[in-house]
Amino acid sequence: MNIIKRILHIALRECRRMKANRMYLFCMIVFPVFVTFFFTSLMDEGQPQDMPVGVVDLDNSSTTRKLTRLLDSFQSTKVVAHFPSVDEARHAVQKGDIYGFVYFPKNTTADLLASRQPTISYYYSYASLTAGSLVFKDLKTMATLGSAAVGKQVMTAKGYTDRQIMAFLQPIVLDTHTVGNPWVNYNVYLTTMLVPTCMLLLVFLITAYSLGTELKQQTAKQLMEMSADNPFVAITGKMLPQTIVWLLVMGFYLYYVFGVQAFPHPGGWHILLMLGVLAVLAAQGFGIFMFGLFPSLRMSMSICSLWGVLSFSMVGTAFPTLAMDPELQVLANLFPMRHVFLIYEIAAFGGYPLMDVAPNLIALVLFASAPLLVMLRIGKALKEYVYMP
C-alpha cells in the first residue's frame with residue numbers, strides 16, 4: 001500500500017507538470033489528432049485522380065482522337081493539353097505541368113489498318129513514384145485497348161468470327177485477384193503506417209523529454225525522495241499519467257480510422273486494441289531504455305528522434321524489408337514500429353491467427369520490459385547527475 005501511495009503521489013506530481021508545460025498538450029494531443037485527420041483527409045479519395053497528362057497527335061485521325069478520349073475517361077488521368085510537338089510536351093513534363101504525354105506520329109491509323117505495326121510512344125515522369133506508375137498504367141491500358149479495338153475491326157472485315165478474334169487477341173485469359181486491398185486504396189495502405197509511426201515517434205520523444213527535464217530543472221532528487229530512492233516506483237509513477245493519455249489518444253485513432261472511416265480489419269477489434277496497448281507500452285519502454293543508456297536530455301531525445309525517423313523506412317511499406325540487405329533486415333527488428341506493422345498487416349488486416357505473429361508480440365513485450373535492464377542506472381542518474389547547460 002505504501003508503494004501504491006508513492007506511485008499515486010508521483011503520478012499527481014506528473015499531472016501538475018504536464019498541465020504547466022504546453023509541450024505535453026501539443027505533442028500528446030494536438031499533433032496526434034492533427035496527423036490523424038490530415039492523412040485520412042489527404043487521401044480520402046483512395047487514389048490520386050485526374051492527374052494531368054498531355055497528347056501530341058500528329059496523325060489527327062478519328063482513331064487517335066478516340067484513343068485520346070479513352071485516356072481521358074480513366075479515373076487517374078485527365079487530358080489537359082494538346083501539344084504540337086514532342087519538345088513542347090517534354091518541357092511541360094519538366095516544368096511539372098503534366099505527369100506524362102502520349103505521342104501519335106503521322107500515319108498512325110494508316111499503318112495500323114495496313115498491319116505495319118505503328119509505334120505509339122508515351123513519356124511519363126517517375127520523379128513521383130505513385131504518379132508515374134498510375135500514369136504509366138493508364139497509358140499502357142489505353143494503347144492496349146485501342147490496338148485491340150482496331151485489330152478487332154480489321155479481323156471482322158476479313159470475315160473472322162468473334163470467337164476466332166478473341167482467341168487471337170487474347171490467347172490466354174487472365175483471372176487476377178487483388179488480395180487484402182482490392183480497392184487499391186492508398187488511404188488504407190499508407191495511413192495505417194504513417195499515423196502510428198508519427199505517434200510512436202512522439203511517444204519516444206515525450207518519454208525521453210519528461211525524464212530529461214527532471215535533470216535539467218534539477219527536480220530529479222525530489223522525484224527520488226518521493227519514491228524512497230526506488231527508481232522503479234519513480235518511473236512507474238511518472239509514466240502512469242502519460243500512459244493513460246497515450247492509450248486514450250491511440251484509442252481515438254483506432255476508433256476514427258477503423259470505426260468512423262471503416263478501414264478493413266478482418267482480425268477484429270480485440271486485436272486492434274491489444275496492438276494499440278502494446279504499441280504504446282513498447283514505445284514508452286524504448287524511450288525509457290534510451291534515457292537509461294544516455295541519461296541526458298539532449299542525447300536521449302536525439303537517439304529517440306533518429307530511431308523514430310528511421311522507422312518510416314524500416315517498417316517495410318515504402319520499401320520492402322525483405323528486399324533490403326541482410327544487415328538491414330536484422331536491424332529492422334530493433335524498431336518497435338516494424339513489429340507493430342507486421343502484427344497489423346498479418347493479424348488485424350489479414351485476419352490470420354495471432355500464432356503467426358507470436359515472435360512480433362514477444363518483441364513488443366521485450367521492448368516494454370527493456371527499462372528493467374537500465375533501472376539501476378536511471379536511479380543513479382536521477383540521484384547523482386548534475387545538469388551542464
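Given the structure is predicted, the values throughout are model-derived calculations rather than measurements. One is the number of the first residue; the rest follow in order along the sequence.
- Looking at every heavy atom in both residues, Ala220 comes nearest to Leu215 through CB-CD2, 3.9 Å.
- With a 4.5 Å cut-off on side-chain heavy atoms, Val365 and Ser369 count as touching.
- Listed here is the closest heavy atom pair of Met239 and Ile288: CG-CD1, 3.7 Å.
- Side-chain contact between Trp246 and Pro32: present, with at least one pair of heavy atoms (C-beta onward) separated by less than 4.5 Å.
- For the pair Leu281/Val277, a side-chain contact is recorded, criterion being any heavy-atom separation below 4.5 Å from C-beta on.
- Atoms NZ and CG, on Lys106 and Asp59 in that order, are 10.0 Å from each other to the nearest 0.5 Å.
- By the 4.5 Å heavy-atom criterion applied to side chains, Tyr253 and Thr192 are counted as neighbours.
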Using the rule given for side-chain contact (heavy atoms from CB on, under 4.5 Å), can you reason through Leu67 versus Ile120, listing the C-alpha separation, both sets of side-chain angles and the distance that settles it, and then say yes or no? CA-CA 11 Å; Leu67 292 176; Ile120 296 177; 4.2 Å; yes

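- Side chain to side chain, Ser76 and Gln49 fail the donor-acceptor criterion of an N or O pair below 3.5 Å.
- Taking NE2 of His82 as the reference point, atom CZ of Arg65 lies at 9.5 Å (rounded to 0.5 Å).
- Side-chain atoms of Cys198 and Val195, non-hydrogen and from C-beta on, never get closer than 4.5 Å to each other.
- Using modelled atom types, one side-chain atom of Gln329 and one backbone atom of Leu322 make a donor-acceptor pair closer than 3.5 Å.
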Going through the checks in order, is the side-chain contact (heavy atoms from CB on, under 4.5 Å) test met by Leu331 and Glu327? CA-CA 6 Å; Leu331 182 63; Glu327 296 81 3; over 6 Å; no

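- The closest side-chain heavy-atom distance from Pro264 to Phe258 is not below 4.5 Å.
- The side-chain contact (heavy atoms from CB on, under 4.5 Å) test with Gln284 is passed by exactly one of Ile206, Ile235, Thr207: Thr207.
- In this structure, Ile98 is not a member of the same hydrophobic cluster as Leu70, with clusters built from ILVMFWY side-chain heavy atoms closer than 4.5 Å.
- Side-chain contact check for Val79 versus Arg69: every heavy-atom pair is 4.5 Å or farther apart.
- Between Met199 and Leu202 the shortest side-chain heavy-atom distance does not fall below 4.5 Å.
- A chain of hydrophobic side-chain contacts below 4.5 Å, direct or via other Ile, Leu, Val, Met, Phe, Trp or Tyr residues, connects Ile343 to Leu254.
- The hydrophobic cluster containing Leu275 also contains Val315, counting ILVMFWY residues as joined when their side-chain heavy atoms lie under 4.5 angstrom apart, directly or transitively.
- Atom CZ in Arg338 sits 9.0 Å away from atom OG1 in Thr317 (nearest 0.5 Å).
- Just one residue in the list Thr109, Thr63, Thr119, Thr64 forms a side-chain contact (heavy atoms from CB on, under 4.5 Å) with Phe104, and that residue is Thr64.
- Evaluated for a side chain to side chain donor-acceptor pair (under 3.5 Å) with Glu14, the options Lys19, Gln242, His9 yield exactly one hit, Gln242.
- If you take CG on Leu71 and CE on Met142, they are separated by 5.0 Å, rounding to the nearest 0.5 Å.
- Separation of the Phe37 and Tyr256 ring centroids falls under the 6.0 Å cut-off.
- With Asp50 contributing its side chain and Lys78 its backbone, the two residues share no donor-acceptor pair below 3.5 Å.
- You'll find the ring centres of Trp307 and Phe204 outside the 6.0 Å limit.
- Under the 4.5 Å side-chain heavy-atom criterion for grouping Ile, Leu, Val, Met, Phe, Trp and Tyr, Phe291 is not connected to Leu376 through any hydrophobic cluster.
- Asp138 and Tyr122 form no side-chain donor-acceptor contact under 3.5 Å, judged by distance and modelled atom types alone.
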CA sep, side-chain torsions, deciding dist, call: Arg17, Thr213, side-chain contact (heavy atoms from CB on, under 4.5 Å): CA-CA 10 Å; Arg17 291 173 63 90; Thr213 51; 3.6 Å; yes

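- In Phe341, the CZ atom is crowded: over 12 heavy atoms of neighbouring residues, nucleotides or ligands sit closer than 6.0 Å.
- For the pair Tyr24 and Met18, the tightest heavy-atom approach, listed with the atom from each and the gap, is CD1-CA, 3.6 Å.
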Residue pair Met226, Arg6: steps toward the side-chain contact (heavy atoms from CB on, under 4.5 Å) verdict: CA-CA 7 Å; Met226 295 181 66; Arg6 290 183 182 276; 5.7 Å; no

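- Relative orientation of the Tyr126 and Tyr124 rings is perpendicular, given thresholds of 30° and 60° on the angle between their planes.
- Rounded to the nearest 0.5 angstrom, Arg377 CZ and Leu293 CG are separated by 7.0 Å.
- Heavy atoms only, all atoms of each residue included: Ser121 and Tyr123 are closest at CB-CE1, 3.7 Å.
- Between the side chain of Ser305 and the main chain of Met301, no donor-acceptor pair closer than 3.5 Å is present.
- With hydrogens and angles ignored, the 3.5 Å screen pairs no side-chain donor or acceptor of Thr219 with any backbone N or O of Gln222.
- Note: the hydrophobic cluster containing Phe367 also contains Leu373 (ILVMFWY, side chain heavy atoms under 4.5 Å, direct or indirect links).
- The distance between the ring centers of Tyr103 and Phe101 does not fall below 6.0 angstrom.
- Residues Asp87 and Arg90 are paired through a salt bridge, judged by an N-O separation under 4.0 Å between the basic side chain and the carboxylate.
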Does the side chain to side chain donor-acceptor pair (under 3.5 Å) test come out yes or no for Tyr209 and Asn21, once each step is laid out? CA-CA 12 Å; Tyr209 173 80; Asn21 190 341; 2.8 Å; yes

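- A salt bridge does not link Glu214 to Lys221: none of the charged side-chain nitrogens sits closer than 4.0 Å to a carboxylate oxygen.
- Closest approach of Ser85 to Val56, counting heavy atoms only: O-CG2, 3.7 Å.
- Rounding to the nearest 0.5 angstrom, the gap separating the CG atom in Asp229 from the NZ atom in Lys380 is 14.5 Å.
- The two atoms that bring Lys238 and Ser210 nearest to each other are CE-O, 3.1 Å, heavy atoms only.
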